[in-house]
Amino acid sequence: MAEIRVEALRKRFGEVTAVDDIDLVIADGGITVLVGPSGCGKTTTLRMIAGLEDVTGGRILIGERDVTSAEPKDRDLAMVFQNYALYPHMTAFQNMAFALKARDTPHDEIRDRVMHAAELLGITDLLERRPKALSGGQQQRVAIGRAIVRQPAAFLFDEPLSNLDAKLRVEMRTEILKLQKELNATILYVTHDQEEAMTLADEMVVMRAGAIAQQGPPRVVYAEPASEFVGGFVGSPPMNVIAGEASGGVFRAEGLEVPVPLTAAGPARLGVRPEHLRPSGPGEATLTADVEVIEFLGSSGIVSLRRGNGDSLKALVPADALESVLPGAACPFRIDPGHLHLFSADGSARLH
Amino acid sequence: MSRPLRALFLVIAVVAVAFPFAWVVLISFKSRVDLNDPSSLSFTPTSANWSEVLHGGVLEAALRSVEVGLATVSVSLVAGTLGAYAISRFKAGGGPARFGILLAQLMPPAVLVVPLFILFFNWNLRDTIWAVIAAHLTFVLPVVTWFMIGFFDAVPRELEEQAMIDGYGRFGAFRRVVLPQVLPGLGAAAIFGFVLSWNDLFYALILAGGNAETLPVAISSYNTFRGVELGAMSAAILVSVVPVLIASFFVQKRLVRGISGGGLKY
């Protein structure tokens, strides 16, 4: 396994800049997840690292080796595609053995490595089947197995779980985590699903418009989003944002006043995660809002609120506190002062 | 369409197609005398027409047609497959190439045949199968290319990307992973192209009407200055038609699929 380093990487498609001078270190033996909305440049970045896309500028290093202009086959990387890209005319075994054959690996070793990977993934009895005779989840396992037998410097995953149903997706997520620990693999993982990113990542890289919006462990990115975009993208339901004015350590918006640990004055935007907006007694309330609907999830419920000025908010309320919340009624809510996010007026920077 | 109506429609279609064919079979067994009334059903069958055809150079012409067809198809498959792959994957020639490749088919063959004739005359290739092969390439190659584009379009790009990551260059990935996916299309294109070449009379007649005559030219030669030798011509026509019928039977499904744009199930 090896570390991958990306320096000032850039990609232009004609007039459009898809990836704009990004620097990135994919740590050896960890999962780095590139996440962002579609068109943010995450897949292009992955494809440049794989060698499937030429770079417009910058360098890519795998270990100490500069592979910026190397052929994909000479980069010692394995990749798992969203549609698995299993060779339809080969059995699962042949699919997994393909890359080893290409490298003239001795027969016995090929068999040993394929069998080992197959055992790891629980697909030993599927090896003689063609992809057409496999379910989506089984195809996914074969695709991962094909990557594992390579024993590459690093693994690249391009939205590998997107084609699976919800239940299987959660299962495979756990499996990928286990495999990673077992193989101590270096993984670069691309997804548009922030939940997948949070659960898998050692290091999370949030991208937007070809640039890195924030990079760090999922906990840090979640707790201290660097911008309103990151705050809104990471976390579900997304963060509430209220526009207002900060001065003298207080954030003021229509019908709302919250003390903030900030001395500077001027227009600002207050970010509040749904779980930090709770029903309260009238005395300690920060704001009052009309309850529109409640989506019950079991252990909690998502409450859709509308404030007097028309702003809509969402609160994630534990099930036992849901009783005081009545659809159609105006209810008092309290913003947890310990979990505030204050962004600049344009949302681009975190003030606190 | 209701069932009986459909059955009626099919019966009419079968009769319309089979009737002329049956007639040609009958005529091929009629003597010159019986042919005074070609539509009469009462006659004494004779094998004279067949023996004339078998000894009169038709088989040699058929063999030549096979040679021309195989050569044309071989070149078309190699060049057409590579061309189609380039057009499908790299948009070679831009958007217009995809259909523009068939543009030459809109030109009347008569426009093309004169320059070809002069060219082969100057190269001393007139009345050789090389001239016919070259002429046939002008229409078989574009059709094969166009046919294969749809099949390549249907192969997911990720397959070859995976192969390139797995250890092959562009060509290795093409040969080991992409080509096997389009083999059915390739087979259909080969037969389709062969039939096109096999059936051509116009180019073959003008470029090689003498010693290097192909089967359609041989058939046309039964139209003599004494009149049409219907019996022998019918026998020769059957030599030409039967292989095509058999080939069509085997490729019809893929032919339809190719014409409707690939649709390879992946």
Side-chain angles (χ1 to χ4, degrees), chain A residues 43 46-53 62 67 70-90 94-105 110 130-132 139 142-160 162-163, chain B residues 77 81-82 84-97 148-190 253-254 257-258 261-266:
Chain A
T43 295
L46 184 87
R47 289 174 58 84
M48 282 194 284
I49 293 172
L52 299 173
E53 209 77 69
I62 299 175
V67 297
E71 292 280 316
K73 67 184 169 72
D74 300 325
R75 298 192 180 202
D76 194 20
L77 299 170
M79 185 151 166
V80 178
F81 286 90
Q82 179 173 355
N83 64 3
Y84 320 134
L86 295 177
Y87 309 124
H89 59 302
M90 298 180 192
Q94 289 166 332
N95 262 285
M96 289 167 74
F98 185 78
L100 299 179
K101 272 197 181 144
R103 290 173 166 75
D104 293 323
T105 315
I110 292 182
R130 299 251 173 127
K132 226 192 269 179
Q139 290 189 23
V142 174
I144 293 176
R146 180 169 61 178
I148 290 176
V149 296
R150 292 266 312 275
Q151 301 173 357
F155 294 95
L156 308 177
F157 285 85
D158 186 11
E159 309 231 10
S162 300
N163 286 8
Chain B
L77 282 189
T81 303
L82 294 174
Y85 178 70
I87 291 172
S88 167
R89 279 298 185 269
F90 306 111
K91 311 268 175 287
M148 291 311 297
I149 291 173
F151 279 89
F152 282 122
D153 282 347
V155 179
R157 196 175 282 260
E158 288 85 355
L159 275 189
E160 60 200 275
E161 292 181 341
Q162 179 72 57
M164 289 199 291
I165 290 172
D166 273 352
Y168 289 99
R170 168 75 62 183
F171 189 73
F174 171 76
R175 195 167 71 81
R176 279 163 204 278
V177 171
V178 180
L179 215 47
Q181 314 310 320
V182 300
L183 273 186
L186 218 53
K253 254 189 204 159
R254 282 172 189 159
R257 194 197 282 167
L264 179 75
K265 263 268 186 279
Y266 166 62

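Worth knowing before you read on, the calculation uses all heavy atoms, side chains too, and leaves out hydrogens, waters and symmetry mates.
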Taking 4.5 Å as the heavy-atom cut-off, does anything in residues 171-180 of chain B contact chain A, and if so which residues?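 Contacts with chain A: Arg176(B), Val177(B), Pro180(B).
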
Please report the shortest heavy-atom distance between [X] and [Y], naming the atom on each side.
X         : Y         : answer
Ala153(A) : Ile62(A)  : CB-CG2, 3.9 Å
Tyr87(A)  : Leu159(B) : CE2-O, 3.6 Å
Asp166(B) : Arg103(A) : O-NH1, 2.5 Å

Just wondering, do [Y] and [X] contact through their side chains at under 4.5 Å, heavy atoms?
X         : Y         : result
Phe98(A)  : Lys101(A) : no
Asn163(A) : Tyr84(A)  : yes
Leu86(A)  : Gln162(B) : no

Region of Ala78(A) in contact with chain B, defined by heavy-atom distances below 4.5 Å: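 For Ala78(A), the contact with chain B is made by the backbone alone.
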
With a 4.5 angstrom heavy-atom cut-off, is it the side chain or the backbone of Arg47(A) that approaches chain B, or both, or neither?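 When you check distances to chain B, only side chain atoms of Arg47(A) fall under 4.5 Å.
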
For chain B, find which of Glu71(A), Arg75(A), Gln82(A), Met79(A) contributes the most heavy-atom pairs closer than 4.5 angstrom.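 Going by pairs under 4.5 Å, I would pick Met79(A).
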
Please list, chain by chain and in numerical order, all residues satisfying side-chain contact (heavy atoms from CB on, under 4.5 Å) with Arg89(B), sequence neighbours excluded.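 If we apply the side-chain contact (heavy atoms from CB on, under 4.5 Å) test to Arg89(B), skipping adjacent residues, the hits are Tyr85(B), Val155(B), Arg157(B), Glu160(B).
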
